[in-house]
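Positions are given from 1 along the sequence.
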Amino acid sequence: MTGCGRRSPDSLAELRTRLLEWLTEQGAAAPAAAAVTITAAIDGYLLQRALDPSLEPDLLIEALASLVRPPA
């Protein structure tokens, strides 16, 4: 991360790459799409949480978990 909690494009790309690798290892159905979606969702959640500190992550976690479950 760079100053004031901002993430650089390089750190976001690294996060996506690491997620892609992990999701591939876990057998996710669409690891590249899931990695992009998870990164964007986390970023969006952090923005919303900054605007509304009472926002809990439960529904986001539930939705994201469905992306990483291997296909049946």
Side-chain angles (χ1 to χ4, degrees):
M1 283 198 201
T2 57
C4 297
R6 293 184 183 153
R7 289 171 298 285
S8 72
D10 290 341
S11 66
L12 288 174
E14 182 178 346
L15 174 60
R16 281 190 304 273
T17 299
R18 289 182 179 204
L19 279 170
L20 173 59
E21 291 168 355
W22 183 82
L23 290 164
T24 300
E25 291 171 5
Q26 301 305 309
V36 169
T37 302
I38 290 168
T39 304
I42 291 169
D43 218 28
Y45 173 76
L46 292 174
L47 173 63
Q48 290 184 37
R49 181 74 186 241
L51 298 172
D52 180 3
S54 69
L55 183 63
E56 294 297 327
D58 300 350
L59 293 175
L60 175 65
I61 293 168
E62 182 181 329
L64 294 178
S66 70
L67 292 175
V68 299
R69 288 189 191 105

Q) Transitively linked via ILVMFWY side-chain contacts under 4.5 Å: Leu64 with Leu46? A)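 Linked, Leu64 and Leu46 end up in one cluster.
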(Q) Applying a strict under-4.5 Å side-chain criterion to I, L, V, M, F, W and Y, I'd like to know whether Trp22 and Ile42 cluster together. (A)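 Same cluster: Trp22 reaches Ile42 through Ile, Leu, Val, Met, Phe, Trp or Tyr contacts under 4.5 Å.
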Could you report the tightest heavy-atom contact between [X] and [Y], atom names first, then the distance?
{"X": "Arg49", "Y": "Pro57", "answer": "NH1-CD, 4.2 Å"}
{"X": "Thr37", "Y": "Ala33", "answer": "OG1-O, 2.8 Å"}
{"X": "Leu60", "Y": "Tyr45", "answer": "CD2-CB, 3.4 Å"}

Q. In a check of side chain to side chain contact (heavy atoms under 4.5 Å, CB included) between Leu20 and each of Thr24, Thr17, Leu23, which one passes?
A.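 Answer to the side chain to side chain contact (heavy atoms under 4.5 Å, CB included) test with Leu20 among Thr24, Thr17, Leu23: Thr24.
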Q.
Within a 6.0 Å radius of atom CG on Leu51, are there more than 12 heavy atoms belonging to other residues, nucleotides or ligands?
A.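 Atom CG in Leu51 is crowded, with more than 12 foreign heavy atoms closer than 6.0 Å.
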Q. Is atom CD of Glu56 surrounded by more than 12 heavy atoms (other residues, nucleotides or ligands) closer than 6.0 Å?
A.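 More than 12 heavy atoms, drawn from other residues, nucleotides or ligands, come within 6.0 Å of this atom.
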Q: Output all residues satisfying salt bridge (Lys or Arg N to Asp or Glu O under 4.0 Å) with Arg18, sequence neighbours left out; order by chain, then residue number.
A: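 With neighbours one apart ignored, the set is Glu14.
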